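Here the structure comes first, spelled out in structure tokens, and everything after it is commentary.
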Amino acid sequence: MFRRRRPLLRAAAVGGGAYIAGKSVARRRAAGEQQEGEQDERLDNLEQQQAPAAPAAPAPAAPPSMADQISQLATLHQQGALTDDEFAAAKARLLGG
């Protein structure tokens with residue numbers, strides 16, 4: 001008669017080997033994910049350090065002088081964009097009259 005030799009021992013050895021292999025793969029995967037996380041964190045820190053500071057708001061432009069405003073009005077009047085009455089009214093407004 002033919003008898004099988006220790007089938008339970010064989011099954012335990014195969015199952016144990018598979019368990020160890022799976023655990024090893026899981027450990028390597030976890031270590032790789034941790035390294036990726038640390039690398040992402042370092043890259044974020046570098047990007048924050050290299051990012052230029054937010055530009056300051058530009059200083060408000062100085063209002064044009066009264067002479068400049070009157071010359072602009074005169075140019076518009078010569079080009080025909082303003083009528084004589086409109087030019088006179090705008091000039092009076094600038095001069096405060």
Side-chain angles (χ1 to χ4, degrees):
M1 252 204 232
F2 183 95
R3 283 177 68 188
R4 286 190 166 177
R5 291 184 148 188
R6 302 181 187 191
L8 291 177
L9 180 61
R10 221 177 279 146
V14 169
Y19 174 77
I20 297 296
K23 200 170 182 182
S24 173
V25 168
R27 258 191 253 126
R28 275 185 268 148
R29 185 176 296 145
E33 288 174 0
Q34 182 180 4
Q35 286 177 347
E36 285 180 24
E38 289 172 356
Q39 185 178 12
D40 289 343
E41 195 173 312
R42 285 192 302 261
L43 287 174
D44 289 341
N45 289 339
L46 284 174
E47 287 173 354
Q48 288 175 358
Q49 289 173 359
Q50 292 178 353
S65 68
M66 192 176 299
D68 290 337
Q69 291 176 351
I70 291 175
S71 67
Q72 286 176 350
L73 286 174
T75 304
L76 289 172
H77 180 62
Q78 289 172 356
Q79 292 174 351
L82 294 176
T83 63
D84 292 335
D85 293 336
E86 291 172 335
F87 174 69
K91 187 171 144 186
R93 222 176 318 144
L94 282 176
L95 296 173

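All values reported here derive from a predicted model rather than from experimental measurement.
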The reported gap from CD1 in I70 to NE2 in H77 (rounded to nearest 0.5 angstrom) is 13.5 Å
Establish whether L73 and L95 are linked, either directly or via other cluster members, by ILVMFWY side-chain heavy-atom contacts under 4.5 Å.
yes
Quick one: are E41 and E38 in side-chain contact, heavy atoms under 4.5 Å?
no
Would you indicate whether the side-chain heavy atoms of L46 and Q49 approach each other to under 4.5 Å?
yes
Minimum-distance pair of heavy atoms, taken over all atoms of L94 and M66:
O-CE, 3.6 Å
Rounded to the nearest 0.5 Å, how far apart are OG of S24 and CZ of R29?
11.0 Å
